[in-house]
2 protein chains.
Amino acid sequence: MKFKKENYEIMADVLKAMAHPTRMFIVEVLNEREECVKDLTKMIGDDISTVSKHLSKLKSAGIITSEKRGNCVYYKLVCKCVMTFFSCVTSVIEK
Amino acid sequence: MKFKKENYEIMADVLKAMAHPTRMFIVEVLNEREECVKDLTKMIGDDISTVSKHLSKLKSAGIITSEKRGNCVYYKLVCKCVMTFFSCVTSVIEK
DNA sequence: TGCCTATTTGGTCAAATAGCCAAATAGTGG
DNA sequence: CCACTATTTGGCTATTTGACCAAATAGGCA
């Protein structure tokens with residue numbers, strides 16, 4: 001048992017933040033470039049308030065950060081390593 | 001957009017299966033050795049039915065497999081790559 | 001066979017999550 | 001200051017999740 005119970009909770013929160021189809025999509029887009037809420041919303045097709053809430057969940061997990069520029073809020077990935085999830089998840093699915 | 005909507009759902013299911021403190025703990029234990037339900041339950045301290053359900057969630061996501069030997073069901077990791085999640089998650093938390 | 005141990009399944013309840021709409025906020029530019 | 005655009009927040013409902021207990025199953029062995 002490498003970590004304490006409390007640590008598992010913190011770690012699970014990070015995974016939980018990623019564990020949603022829309023949020024995985026967002027992470028993948030942000031891996032390539034910053035985007036603002038409006039443009040992400042266009043790609044996703046949900047209500048903009050829904051997208052905003054997904055973003056805020058990713059942000060409070062520490063996976064993305066935001067920056068306001070002009071009229072818009074731009075989000076970007078903090079750590080590219082989350083993209084390793086995709087290849088692992090894909091290989092799990094293939095097995 | 002690399003994947004179709006349906007694919008994001010399948011991928012999210014794999015992450016969802018991991019995204020729980022107890023299940024992360026289980027994955028970490030199984031990374032080192034096989035274990036049976038009873039012994040995992042001892043380490044975790046929840047009801048055995050709760051642990052069994054966690055295991056079945058991990059199993060149906062394809063993260064672990066099980067094998068019955070003698071009186072017990074032994075679980076083991078399918079793919080060690082899920083352990084990369086831990087180091088990434090840890091580095092996200094540190095930032 | 002019948003008991004025992006290990007595991008899974010079903011029921012129930014409380015809590016968390018996801019989505020939408022409407023309303024509030026924040027900043028820009030006329 | 002006002003109107004406009006972008007974003008966030010609050011309220012609500014439906015659904016999913018996690019935990020426990022009790023009951024059902026599955027094998028092994030006396």
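Residue numbers start from 1 in every chain, and the chains themselves are labelled A, B, ... in the order their sequence lines are given, proteins ahead of strands.
Side-chain atoms of A:T90 come within 3.5 Å of backbone N or O of A:F86 as a donor-acceptor pair. A donor-acceptor contact shorter than 3.5 Å links the side chain of A:S60 to the backbone of A:S56.
Atoms CD (A:E67) and P (D:dT7) sit 13 Å apart, rounded to a whole Å. Atom CE of B:M18 is separated from atom P of D:dT17 by 17 Å (rounded to the nearest Å). When rounded to the nearest whole Å, the span between CG of A:D47 and P of D:dG10 equals 16 Å. Atom CD1 of A:I26 is separated from atom P of C:dA18 by 11 Å (rounded to the nearest Å). Rounded to a whole Å, the CD atom of A:E9 is 13 Å from the C1' atom of D:dG18. Between B:D13 atom CG and C:dA18 atom P the separation is 13 Å, expressed in whole Å. Distance CD1 (A:I64) to C1' (D:dT7): 13 Å, rounded to an integer number of Å.
Qualifying side-chain contact (heavy atoms from CB on, under 4.5 Å) partners for B:T65, counting only residues two or more places apart in sequence or in other chains: B:K76, B:V78. The salt bridge (charged side-chain N to carboxylate O under 4.0 Å, His left out) search around A:E9 returns none, not counting sequence neighbours. Evaluation of the disulfide (SG to SG under 2.5 Å) rule for A:C36 yields no partner, not counting sequence neighbours. A:C81 is linked by a disulfide (SG to SG under 2.5 Å) to B:C88, counting only residues two or more places apart in sequence or in another chain.
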What N/O pairs connect the protein and nucleotides 13-16 of chain C at under 3.5 Å? Give each pair on its own line.
none

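The salt bridge (Lys or Arg N to Asp or Glu O under 4.0 Å) contacts involving residues 59-69 of chain B comprise B:E34-B:R69, B:E67-B:R69, where partners must be two or more places apart or lie in separate chains. Residue pairs meeting the salt bridge (Lys or Arg N to Asp or Glu O under 4.0 Å) criterion with at least one member in residues 36-47 of chain A, sequence neighbours excluded: A:D39-A:K42.
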Could you run down nucleotides 25-30 of chain C 5' to 3' and tag each one B, S or - for protein heavy-atom contact under 4.0 Å? --S---
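Between the CG atom of B:L77 and the CD atom of B:E28 there is a distance of 10.5 Å, given to the nearest 0.5 Å.
Minimum atom distance to the side chain of A:V73 is reached by D:dT8, of the listed D:dT8, C:dG19, D:dA19. Candidate nucleotides C:dA18, C:dT7, D:dC21 were compared by shortest atom distance to the side chain of B:I48, and C:dT7 ranks first. Nearest nucleotide to the B:H20 side chain, out of C:dA18, C:dC20, D:dA19: D:dA19.
Across all strands, A:Y74 comes closer than 4.0 Å to no nucleic acid atom at all (heavy-atom distances). Counting non-hydrogen atoms under 4.0 angstrom, A:R69 reaches nothing in the nucleic acid.
Here A:S49 does not reach the OP1 or OP2 of C:dC20: none of its side-chain N or O atoms lies under 4.0 Å away. Contact annotation: B:Y75 side-chain N/O to C:dT8 OP1/OP2 distance is under 4.0 Å.
For the contact set between residues 52-63 of chain B and DNA chain D, defined by any heavy atom under 4.0 Å, the members are B:K53, B:H54, B:K57.
Using a 4.5 Å heavy-atom cutoff, the side chains of B:N31 and B:V27 are not in contact. At a threshold of 4.5 Å between non-hydrogen side-chain atoms, the residues A:Y74 and A:L30 do not count as touching.
Among the duplex regions that DNA chain D forms, those built from at least three successive Watson-Crick or G-U pairs under 3.5 Å are C:1-30 with D:1-30, ordered by first number.
The heavy-atom pair separating B:E35 from B:R33 by the smallest distance is OE2-NE, 2.7 Å.
Using cut-offs of 30° and 60° on the angle between ring planes, the pair B:F85 and A:F85 is tilted.
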Donor-acceptor contacts, no H, no angles, side chain residues 13-26 of chain A, under 3.5 Å, sequence neighbours left out:
{"residue": "A:H20", "atom": "ND1", "partner": "A:T22", "partner atom": "N", "Å": "3.1"}
{"residue": "A:R23", "atom": "NE", "partner": "A:A17", "partner atom": "O", "Å": "2.5"}
{"residue": "A:R23", "atom": "NH1", "partner": "A:H54", "partner atom": "ND1", "Å": "3.0"}
{"residue": "A:R23", "atom": "NH2", "partner": "A:K16", "partner atom": "O", "Å": "3.3"}

